[in-house]
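This one's a predicted model, so the numbers in the text were calculated from it and none came from an experiment. Any value given below was found using the heavy atoms of this structure, including those in side chains, with hydrogens, waters and symmetry copies removed.
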Amino acid sequence: PRAKQRILIGVTASRKTFGSRVAEVVSTWGNEKSLPNDITVRYFVGDIEKPTSYESASDEDISNLAKQAGITDLSSIVVMVGVVDNEYPLVGKAVAVIKHMRMIDKSEKTAVRTPAFDWFMDVDDDTYVNLQ
């Protein structure tokens, strides 16, 4: 029998709607507790647009985003420094997400030096995914 395919799903999100849309993903198909072992979900946002008391991609920034969406695994949030968060159309942001997913793949290799993921899937934060 064929081994299960390992899939990395990148959810492209906006800081403006992170607390609502990503929270919906987390409470439905992206729930950390019910995800199959062969599927990993990462939430991608761009840089902070307006000055705040903390820096973009800092521990405080990531903790704040996680709190908004009800995420307990802070490593599932990827802040793409230098990427405009509210860009439209999302061409630059989408390319950055794919590049970051490849970097994640290279950093999560096994001892045998095989890629960590067989497939990448990039979806928007308002997309429903049937994991079956």
Side-chain angles (χ1 to χ4, degrees):
R2 187 173 170 187
K4 283 199 164 201
Q5 300 292 302
R6 296 159 299 180
I7 303 168
L8 172 60
I9 301 175
V11 179
T12 303
S14 165
R15 287 176 176 274
K16 182 178 179 182
T17 59
F18 200 88
S20 58
R21 288 184 176 184
V22 171
E24 288 295 324
V25 171
V26 170
S27 69
T28 57
W29 67 267
N31 186 299
E32 298 166 357
K33 294 177 178 100
S34 62
L35 277 175
N37 290 336
D38 54 333
I39 296 178
T40 301
V41 177
R42 295 287 184 260
Y43 303 95
F44 292 85
V45 296
D47 252 338
I48 294 174
E49 297 169 32
K50 298 176 184 175
T52 61
S53 61
Y54 49 85
E55 291 185 30
S56 191
S58 66
D59 289 344
E60 191 174 357
D61 183 24
I62 293 170
S63 293
N64 183 40
L65 289 167
K67 185 178 179 182
Q68 289 177 42
I71 296 172
T72 56
D73 178 8
L74 300 184
S75 69
S76 67
I77 299 173
V78 179
V79 177
M80 301 179 295
V81 176
V83 174
V84 178
D85 190 57
N86 64 353
E87 174 190 59
Y88 191 82
L90 297 172
V91 176
K93 194 171 181 181
V95 169
V97 168
I98 298 296
K99 285 181 181 178
H100 274 76
M101 285 198 290
R102 284 295 299 145
M103 289 189 312
I104 289 170
D105 187 46
K106 291 178 182 177
S107 69
E108 295 186 15
K109 291 185 186 237
T110 64
V112 185
R113 299 283 185 217
T114 57
F117 301 100
D118 299 304
W119 296 96
F120 298 114
M121 182 175 175
D122 180 25
V123 299
D124 291 335
D125 58 2
D126 60 352
T127 304
Y128 181 79
V129 177
N130 181 343
L131 297 177
Q132 299 295 330

> Hey, mind stepping through Trp119 and Leu8 against side-chain contact (heavy atoms from CB on, under 4.5 Å) and telling me if it holds?
Replying inline: CA-CA 6 Å; Trp119 296 96; Leu8 172 60; over 6 Å; no
Without swapping roles, check the side chain of [X] against the backbone of [Y] for a donor-acceptor pair under 3.5 Å.
X      : Y      : answer
Asp124 : Asp126 : no
Glu87  : Gly92  : yes
Ser58  : Asp61  : yes

>> Can you list everything that forms a side-chain contact (heavy atoms from CB on, under 4.5 Å) with Ser63? Sequence neighbours excluded, please.
In response: Leu74
>> Would you compute the distance between atom CD1 of Ile39 and atom CD1 of Ile9 and round it to the nearest 0.5 angstrom?
In response: 5.0 Å
> What is the distance from atom OG1 of Thr127 to atom CZ of Arg21, rounded to the nearest 0.5 Å?
Replying inline: 9.0 Å
> Sequence neighbours excluded, which residues qualify as salt bridge (charged side-chain N to carboxylate O under 4.0 Å, His left out) partners of Asp118?
Replying inline: Arg6
> Looking at residues at least two apart in the chain, or sitting in another chain, which of them share a salt bridge (charged side-chain N to carboxylate O under 4.0 Å, His left out) with Asp47?
Replying inline: none
>> side-chain contact (heavy atoms from CB on, under 4.5 Å), that's the test. Do Val123 and Thr12 meet it? Break it down for me.
In response: CA-CA 6 Å; Val123 299; Thr12 303; over 6 Å; no
> Hydrophobic cluster mates of Val95, side-chain heavy atoms under 4.5 angstrom, ILVMFWY only, any path?
Replying inline: none
>> Do Thr40 and Phe117 make a side-chain contact, defined as non-hydrogen atoms from C-beta onward lying under 4.5 Å apart?
In response: yes
Residue pair [X] / [Y]: nearest heavy atoms and the distance that separates them:
X      : Y      : result
Phe18  : Ala13  : CD1-CB, 3.8 Å
Tyr43  : Gly30  : OH-O, 3.7 Å
Ile48  : Ser56  : N-OG, 3.4 Å
Phe120 : Met101 : CE2-O, 3.5 Å

Could you go through residues 76-86 and list every donor-acceptor pair under 3.5 Å that involves a side-chain atom there, pairing it with any protein atom two or more places apart or in another chain?
{"residue": "Ser76", "atom": "OG", "partner": "Asp73", "partner atom": "O", "Å": "2.7"}
{"residue": "Asp85", "atom": "OD1", "partner": "Gly46", "partner atom": "N", "Å": "2.8"}
{"residue": "Asp85", "atom": "OD1", "partner": "Lys93", "partner atom": "NZ", "Å": "3.0"}
{"residue": "Asp85", "atom": "OD2", "partner": "Arg15", "partner atom": "N", "Å": "2.8"}
{"residue": "Asn86", "atom": "ND2", "partner": "Glu49", "partner atom": "OE1", "Å": "3.1"}

> Given Thr52 and Glu60, is the side-chain contact (heavy atoms from CB on, under 4.5 Å) satisfied, shown in steps?
Replying inline: CA-CA 11 Å; Thr52 61; Glu60 191 174 357; over 6 Å; no
>> Distance alone, cut at 3.5 Å: any donor-acceptor contact between the side chains of Asp125 and Ser14?
In response: no
>> Could you tell me if Tyr54 and Asn64 have a donor-acceptor pair between their side chains, going purely by distance under 3.5 Å?
In response: yes
>> Enumerate the side chain to side chain donor-acceptor pair (under 3.5 Å) contacts for residues 25-39, please, sequence neighbours excluded, ordered by first and then second residue.
In response: Glu32-Thr72
> Shared ILVMFWY cluster between Val91 and Val97, side chains joined below 4.5 angstrom?
Replying inline: no
